[in-house]
Amino acid sequence: MLASYTLEENHPVTLRGIPAALSVEFNSVGGAGFVTLVVAPFGMPAVPHAVLAPGANVPFHSTGGEAFNAQVLSIDATAHTLVVRVDRLNHRSVD
């Protein structure tokens, strides 16, 4: 494990030692709430990922091509926070 992060809505967090940032958005459509985890590798477009529940995994690549996974550990819809654990994966992008 690299690190855990508590994300607050409207407050992007730069990942330690990784050229990327994470942010969270709490949304509602037709009265149903859902969460979006946004991954933003530096110099690349941000990519939103719908999160349905804790335990969700969001794999991503950093600007340098290193592979990581952000696992959602908890969601607090009242406080508008999300806790994620970021781990390095054992492969690189072939792009």
Side-chain angles (χ1 to χ4, degrees):
M1 175 177 75
L2 288 177
S4 291
Y5 301 88
T6 299
L7 307 176
E8 299 177 12
E9 189 169 37
N10 301 318
H11 296 282
V13 172
T14 299
L15 303 176
R16 290 184 291 275
I18 303 171
L22 297 178
S23 62
V24 64
E25 299 170 358
F26 286 79
N27 307 288
S28 179
V29 173
F34 66 97
V35 178
T36 303
L37 177 63
V38 180
V39 178
F42 295 167
M44 298 170 66
V47 180
H49 300 271
V51 175
L52 301 178
N57 289 294
V58 177
F60 67 96
H61 287 90
S62 69
T63 304
E66 290 183 280
F68 296 91
N69 185 66
Q71 182 182 31
V72 177
L73 301 178
S74 67
I75 301 168
D76 186 333
T78 303
H80 284 210
T81 60
L82 180 111
V83 178
V84 296
R85 180 180 73 203
V86 177
D87 294 294
R88 186 181 313 274
L89 299 177
N90 291 327
H91 57 76
R92 293 179 68 85
S93 172
V94 292
D95 297 337

[X] to [Y] - nearest heavy-atom pair and separation:
X: Arg16; Y: Ser4; value: NH2-O, 4.0 Å
X: Phe26; Y: His80; value: CE1-C, 3.3 Å
X: Ser28; Y: Phe34; value: N-CE2, 4.3 Å
X: Thr36; Y: Pro48; value: CG2-CB, 3.6 Å
X: Pro19; Y: Thr63; value: O-OG1, 3.4 Å

- Message: With a 4.5 Å cut-off on side-chain heavy atoms, are Glu66 and Ile18 touching?
- Response: no
- Could you check if a side-chain atom of Val24 sits within less than 4.5 angstrom of a side-chain atom of Thr81, using non-hydrogen atoms only? no
- Message: How long is the straight-line distance from CD of Glu9 back to OG of Ser23, given to the nearest 0.5 Å?
- Response: 9.5 Å
- Note on the structure: Taken to the nearest 0.5 Å, the spacing of Leu7 CG from Asp76 CG works out to 12.5 Å
- Task: For a side-chain contact (heavy atoms from CB on, under 4.5 Å) with Phe60, tell me which candidate from Val86, Leu89, Leu37, Asn69 qualifies.
- Result: Val86
- Item | Positive for side-chain contact (heavy atoms from CB on, under 4.5 Å) with His49, one of Val38, Val58, Val35 | Val58
- Query: Cluster question for you: counting only ILVMFWY and a side-chain heavy-atom cut-off of under 4.5 Å, with indirect links fine, are Phe68 and Tyr5 together?
  - Reply: yes
